[in-house]
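Have a look at the structure below, then the notes.
FYI, the numbering just counts along the sequence from 1. In each ligand, atom 1 is the first atom listed, and ligand 1 is the first ligand listed.
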Amino acid sequence: MQTVNQIDPLRKAVTALRQDGKIALVPTMGALHEGHMTLVREAKKRAAHVVVSIFVNPRQFGAGEDLDAYPRPMERDQAMLQAEGVSLLWAPDPRTMYPAGYATNIAVSGVSDGLCGASRPGHFDGVATVVCKLFHQVLPDLALFGEKDWQQLSVIRRMARDLDLTRPYAADIIGVPTVREADGLAMSSRNAYLTAEERAAAATLPRAMQAAIARLVAGSTAASALASLQAELREAGFASVDYAELCDADSLASLAKLGDEPARLLVAARIGKARLIDNMAAAK
Ligand code: PAF
């Protein structure tokens with residue numbers, strides 16, 4: 001596996017890899033875990049070469065968020081990617097990504113505004129901006145993102161459609177289903193913040209979401225199904241629920257009940273020191 005930190009060697013390396021067939025990009029901020037490795041394995045099935053980017057993107061961190069404390073275990077990450085058969089690691093530094101005088105921002109309105117966007121103003125602008133740059137730098141045939149961050153995936157797909165991107169086309173932005181622990185809890189580096197007791201209680205989140213979906217499918221309104229979900233979470237020991245919403249799966253517009261269009265249930269809730277997010281398809 002080759003590691004490059006500058007744009008010119010990146011372009012040369014990508015041009016050479018392209019001789020063998022399709023290139024898949026897996027964008028990350030490093031501190032890799034099983035969720036990232038699942039994306040890499042899925043990418044390998046779909047392309048001749050996998051390029052992984054590691055860039056801790058300052059533009060998606062708000063004031064008071066943990067940009068400086070964000071883990072950067074580069075040697076460990078490199079070893080994991082090498083072992084998984086990744087062809088190229090693109091690891092620019094902030095000055096390469098955002099040279100002096102950098103002034104362009106991509107804001108994807110609507111889909112960025114609610115849910116996590118409401119409590120993290122500017123976050124999804126930062127994500128859209130860096131992902132658009134990564135797409136132009138690597139020019140991948142396809143790119144893979146975890147469905148765990150459904151709102152992020154929706155923002156990126158919207159941006160690709162709106163800007164008529166061709167490498168990758170919006171249709172080649174692949175969402176990979178959330179990897180779950182045996183008890184259903186979505187895998188996340190944040191689960192490590194939980195005590196044993198909180199970790200056991202956290203499994204209520206996916207169970208309560210499934211129960212809410214069953215109620216929606218049976219004809220409940222979103223208001224009623226989500227009130228029960230919130231009550232179940234509080235009873236299990238969650239301190240608060242930041243949001244629990246039934247949304248159109250594509251636009252993320254809030255829905256009052258299940259209809260014929262694909263819908264998604266999205267929740268963010270706090271337990272102990274962790275803020276857990278999860279989402280599931282809600283279908284009749
Ligand atoms: O999901 C992430 O790790 C980041 O938001 C991404 C997509 C790599 C952009 O910085």
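Tested against Val86, the residues Thr3, Val40, Val51 include a single side-chain contact (heavy atoms from CB on, under 4.5 Å) partner, Val40.
In this structure, Phe124 and Gln152 have side chains that are in contact, with non-hydrogen atoms separated by less than 4.5 Å.
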Take Asn5 and Thr96 through the side chain to side chain contact (heavy atoms under 4.5 Å, CB included) test and state the conclusion after the steps.
CA-CA 8 Å; Asn5 313 102; Thr96 304; over 6 Å; no
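Around the CD atom of Glu75, the shell of radius 6.0 Å holds no more than 12 heavy atoms that belong to other residues, nucleotides or ligands.
Residue-ligand proximity, Val130 to ligand 1, at heavy-atom distances under 4.0 Å covers atoms 9 (C), 10 (O). Atoms of ligand 1 lying under 4.0 Å from at least one heavy atom of Pro27, given by number and element, are 8 (C).
Between the side chains of Asn57 and Tyr70, not a single donor N or O lies within less than 3.5 Å of an accepting N or O.
Contact annotation for Thr28 and ligand 1: only backbone heavy atoms (N, CA, C, O) come within less than 4.0 Å of the ligand.
Among Gln60, Arg59, His36, the residue whose heavy atom lies closest to atom 4 (C) of ligand 1 is Gln60. Heavy-atom proximity to atom 5 (O) of ligand 1, evaluated over Gln152, Lys148, Met29, Lys133, is greatest for Gln152.
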